[in-house]
Amino acid sequence: MSIIDQIIAGDVRATARLLRDIDDQVPSIYPLLKELYPHTGKAYVIGLTGSPGVGKSTLVDQLATRFRQEGLTVGILAVDPTSPFSGGAILGDRIRMQRHFLDPGVFIRSLATRGHFGGLTRSTNDMINVMDAMGKDIILVETVGVGQDEVEVANSAHTTLLVTIPGMGDEVQAIKAGIMEIGSIFVVNKADREGSRKTVRELRNLIELGLRRKEDTTWEPLIVQTEALKGVGIEDLYQAIMKHRAYLFDNENGQLDSILMKRARSQLIEILRDEALKAILGRMEAQGMSLEDLSRRIRNKESDPYTIVHEVLERELK
Amino acid sequence: MSEERKLRILIAKPGLDGHDRGARVIARAFRDAGFEVVYTGCHQTPEQIVHTALQEDVDIIGLSILSGAHTYSFPRVMELLKENKAEDITVIGGGIFPLEDIPKLKAVGIKEIFEPGAKLEEIINWVRTSVKPRQALQA
């Protein structure tokens, strides 16, 4: 049986190995990804984003349980940060998901942000495709919750959950500053804490303000309060996700098409940027131009980064 | 250009003891050595450990145990790896073991046992020299 057949049949080992190769950006992934691509497009992708410590892993665990009750299979991609000092990482999101370890209907993969050329967005999108091709019905993507990359990942999901907790005044400020637009559903987790209702109220105000500026005003983001650890509010959250899904699949509004187009476009740009960079760097290296030397010239003020880049591009793109 | 392949390690605590200080210290040391460490917390069954190792495609499993249940859980992990055709994953152990048990554990395929007093650098060096990240898939 070929690797492709094994993955499509849902084989854990083969899938895990391809995911590892995607993470490491080895060139042999491309023929495999090409072959798998026609088998993608069936999974429903849910992104969870929000600051560290708001309870994303626990929510993922609860949602996985809820989807399993419907008989749906679940893939989970959980991202944790890479240490900028050593390049290593501790991937601990699984601690909150222990009860799914033996369930063959749940596939969990932890990944580190790494900060590589391809960017997290790209490898995460590739991994979503692989989990989709292996037949997972629902794919939950849990981001680190800081930085633009993660927001982009969440943005390519069908439904994006923006998770916050009460009492983080600054949190609402941060939301205000731009990621407000991406949330299909806002989750106020740890809702037993003081200030939960206030947070909901503030979110509602921000949503209303945001709606006036948004192009798509047909979906009013929902707000759900949860206590993920105790399972409180999970049913409400599940229903909210289903409501958003029904909205997307309502043919009248064209939202599904718009989300799929957005994802296709962002994947295209990611890969193009990545491959172009790799190709150019490869050719520069072959010509004996090292990044080190060029950086040295800039650092010594013998040239500037703008001139160098334009010189390189003129030569390479002719 | 492909990146340098990173070593992926699962640090797992089989059995009932809840003392994971050692596991956390070693997880951190491995992170600082540049490895990617999957940490799953306490009270793991051998089945859970092996499932995790397969899903996460790790090169090495580090089992931390203080309870004395290693005579069951270590061989069981090896057995399950074999059943899943994953004997290529290196397994090492850390914790407290009666000296006479160590040869028995090595006999079932545990590559190395680190006892209290083992230096972190010693463990990291052992991993660096003994375990290489696995090869990429070939289409």
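Note that the structure is predicted; figures quoted are calculated from it, not measured.
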Could you walk me through whether A/Phe101 and B/Gln44 satisfy the side-chain contact (heavy atoms from CB on, under 4.5 Å) test, starting with their C-alpha distance in whole Å, then the side-chain angles of each, then the deciding distance to 0.1 Å, before giving a yes or no? CA-CA 10 Å; A/Phe101 285 5; B/Gln44 299 286 295; 3.2 Å; yes
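- Closest approach of A/Ile95 and B/Gly41 over heavy atoms only: CG1-N, 3.8 Å.
- For the atom pair CZ of B/Arg28 and OG of A/Ser83, the computed distance is 9.0 Å after rounding to the nearest 0.5 Å.
- Residue B/Lys82 qualifies as open at atom NZ: its count of foreign heavy atoms under 6.0 Å is 12 or below.
- Under the 4.0 Å criterion applied to side-chain N and carboxylate O atoms, A/Asp80 and B/Arg31 are not assigned as salt-bridge partners.
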Under the criterion side-chain contact (heavy atoms from CB on, under 4.5 Å), I'd like the reasoning laid out for B/Lys6 against A/Asp23: C-alpha separation, chi angles, the key distance, then a yes or no. CA-CA 9 Å; B/Lys6 277 192 195 202; A/Asp23 215 0; over 6 Å; no
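- Of all non-hydrogen atoms in B/Val38 and A/Ser110, the two that sit nearest each other are CG1-OG, 4.4 Å.
- Environment of NZ in A/Lys34: sparse, with no more than 12 heavy atoms of neighbouring residues, nucleotides or ligands closer than 6.0 Å.
- Residue A/Phe85 does not touch chain B at all, counting heavy-atom pairs closer than 4.5 Å.
- No side-chain donor-acceptor contact under 3.5 Å links B/Thr40 to the backbone of A/Arg94.
- Surrounding CZ of A/Arg315 are more than 12 heavy atoms belonging to other residues, nucleotides or ligands, all under 6.0 Å away.
- Salt-bridge formation is detected for the pair A/Arg13/B/Asp88: a Lys NZ or Arg NE/NH1/NH2 atom is positioned less than 4.0 Å from an Asp or Glu carboxylate oxygen.
- For CD of B/Glu83, the number of neighbouring non-hydrogen atoms (other residues, nucleotides, ligands) closer than 6.0 Å is greater than 12.
- When A/Arg96, A/Gln98, A/Arg20, A/Met97 are compared by the number of non-hydrogen pairs under 4.5 Å with chain B, A/Arg20 comes out ahead.
- Around atom NZ of A/Lys42, more than 12 heavy atoms belonging to other residues, nucleotides or ligands sit under 6.0 Å away.
- Chain A forms more heavy-atom pairs under 4.5 Å with one residue of B/Phe30, B/Tyr39, B/Phe35 than with any other, namely B/Tyr39.
- Using a 4.5 Å cut-off between heavy atoms, A/Ala14 contacts chain B through its backbone alone, with no side-chain atom that close.
- The CD atom of B/Gln135 sits 10.0 Å away from atom CZ of A/Arg17, with the distance rounded to the nearest 0.5 Å.
- Of all residues in residues 46-63 of chain B, those placing a non-hydrogen atom less than 4.5 angstrom from a non-hydrogen atom of chain A are B/Glu47, B/Gln48, B/His51, B/Thr52, B/Leu54, B/Gln55, B/Glu56, B/Asp57, B/Asp59.
- A donor-acceptor contact shorter than 3.5 Å is absent between the side chain of A/Asp21 and the backbone of B/Ala136.
- Between A/Leu91 and B/Val37, every side-chain heavy-atom pair lies at or beyond the 4.5 Å cut-off.
- For A/Ile29, no part lies near chain B; criterion is any non-hydrogen pair under 4.5 Å.
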